[in-house]
Colleague: 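Here it is, the structure in full.
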Amino acid sequence: MNVFGVDIGGSGIKGAPVDLDKGDLAAERHKVLTPHPATPEAVAECVRQVVDHFDWTGPVGATFPGVVRGGTTLSAANVDKHWIGTDAVGLLGDRLGTDRPVTLLNDADAAGLAEMEFGAGRGRSGTVIVLTLGTGIGSAVFVDGRLLPNTELGHVELAGHDAEKRASSHARETEDLSWKHWARRVQRYLCHLEMLFSPDLFVLGGGVSRKADKFLPHIEEVKAEILPARLQNNAGIVGAAMAARQATGSLGADASGA
Ligand code: BGC
């Protein structure tokens, strides 16, 4: 079964039909640059362009880099503040039309769903924490495979700072930190989360998961197992499509756009 997934990020809005049996894109993804300012209206228009690119009809899952409850976006750490309190599902639904029903969820929750089904967390029970280390830090917490949504663990306090300001991939780049130096920050962050949640497994995602050999060997003090994410760049798209399938249930997807 194919369902459409869109990942709304700070630099790009990317989407593709997803083959949910394989957990992979069914066609090469299409990307448009995120507009600046990234207001809800401007971003919704970009989402429409991405979905139109494939002439897609059927359910659409979309990610958002902030808290999403009942279709309303409630935070905006790294995006335009107009998103706070926006009925985002209503807005996207108006743009896409009734034959393309929209499901919206937090970006890290989407990536986590995909990792648990098709990636590093597959078949894992107990407490699993999936973290996306990018511009910010996103989190998805699972207990026996069930997601606790909107956990926002990137914003716990670390050494007197918002954790994502210290341990995100963005912090490594802007402060020009060595992999070892940055790994020590990530380690401190993981130890803090370990103290709070005692997870069985951490899955580390985001672009840096491709460079795991550069920083994972420097993380020695964490008791839980640590694995790099496997789906990398497409985890958000795949997870968004999974959420849309779940939300639309047996209505099924019209794969006409694939
Ligand atoms: C946001 C999260 C998001 C993460 C990754 C954080 O700043 O608060 O909601 O998942 O960035 O985009």
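Note that the structure is a prediction, hence the values are computed from the model and not measured. Each ligand, and each atom within it, is numbered from 1 in the order the structure gives.
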Colleague: Not counting sequence neighbours, which residues clear salt bridge (charged side-chain N to carboxylate O under 4.0 Å, His left out) with R29? List them please.
Modeller: none
Colleague: Nearest protein heavy-atom contact for atom 7 (O) of ligand 1: which residue, which atom, what distance?
Modeller: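 So the nearest neighbour among protein heavy atoms is E164 OE1, 2.8 Å.
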Colleague: Please list the nearest protein heavy atom to atom 5 (C) of ligand 1 with its residue and the distance rounded to 0.1 Å.
Modeller: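 Minimum-distance protein heavy atom for atom 5 (C) of ligand 1 reads D107 OD2, 3.5 Å.
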Colleague: Under 4.0 Å from a heavy atom of I137: which atoms of ligand 1 are those, numbered in the order shown and with their elements?
Modeller: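 Near I137, the atoms of ligand 1 are 4 (C), 6 (C), 11 (O).
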Colleague: Any idea which atoms of ligand 1 are less than 4.0 Å away from a heavy-atom of N78?
Modeller: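 Once the distances to N78 are compared, the set is 7 (O), 11 (O).
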Colleague: Quick one: nearest non-hydrogen protein atom to atom 2 (C) of ligand 1, plus distance?
Modeller: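 Going by distance alone, atom 2 (C) of ligand 1 is nearest to E152 OE2, 3.3 Å.
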Colleague: So for ligand 1, is H155 a polar contact partner (N or O within less than 3.5 Å, distance only)?
Modeller: yes
Colleague: List every atom of ligand 1 that sits less than 4.0 Å from any heavy atom of A77, numbering the atoms from 1 in the order shown and giving each element.
Modeller: 7 (O), 8 (O)
Colleague: Between W83 and L74, is there a donor-acceptor pair closer than 3.5 Å when you use the side chain of the first and the backbone of the second?
Modeller: no
Colleague: I'd like to know if the side chain of D144 and the backbone of G126 have a donor-acceptor N/O pair within less than 3.5 Å.
Modeller: yes
Colleague: Are D52 and R95 within salt-bridge range, i.e. N to O under 4.0 Å?
Modeller: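 No, this pair does not count.
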Colleague: Show the numbers, then the answer: is there a side chain to side chain contact (heavy atoms under 4.5 Å, CB included) between V18 and V3?
Modeller: CA-CA 5 Å; V18 175; V3 173; 5.6 Å; no
Colleague: Touching ligand 1 at all, S75? Heavy atoms, strictly under 4.0 Å?
Modeller: no
Colleague: Identify all side-chain donor-acceptor contacts of residues 207-222 below 3.5 Å with residues at least two apart in sequence or on another chain.
Modeller:
residue	atom	partner	partner atom	Å
S209	OG	G206	O	2.7

Colleague: Within this structure, what is the CG-CG distance for the pair L105 and L147, rounded to the nearest 0.5 Å?
Modeller: 8.0 Å
Colleague: Which of the atoms of ligand 1 are close to N106, meaning less than 4.0 Å from one of its heavy atoms?
Modeller: 2 (C), 3 (C), 9 (O), 10 (O)
Colleague: Under 4.0 Å from a heavy atom of G138: which atoms of ligand 1 are those, numbered in the order shown and with their elements?
Modeller: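 Close to G138: 4 (C), 5 (C), 10 (O).
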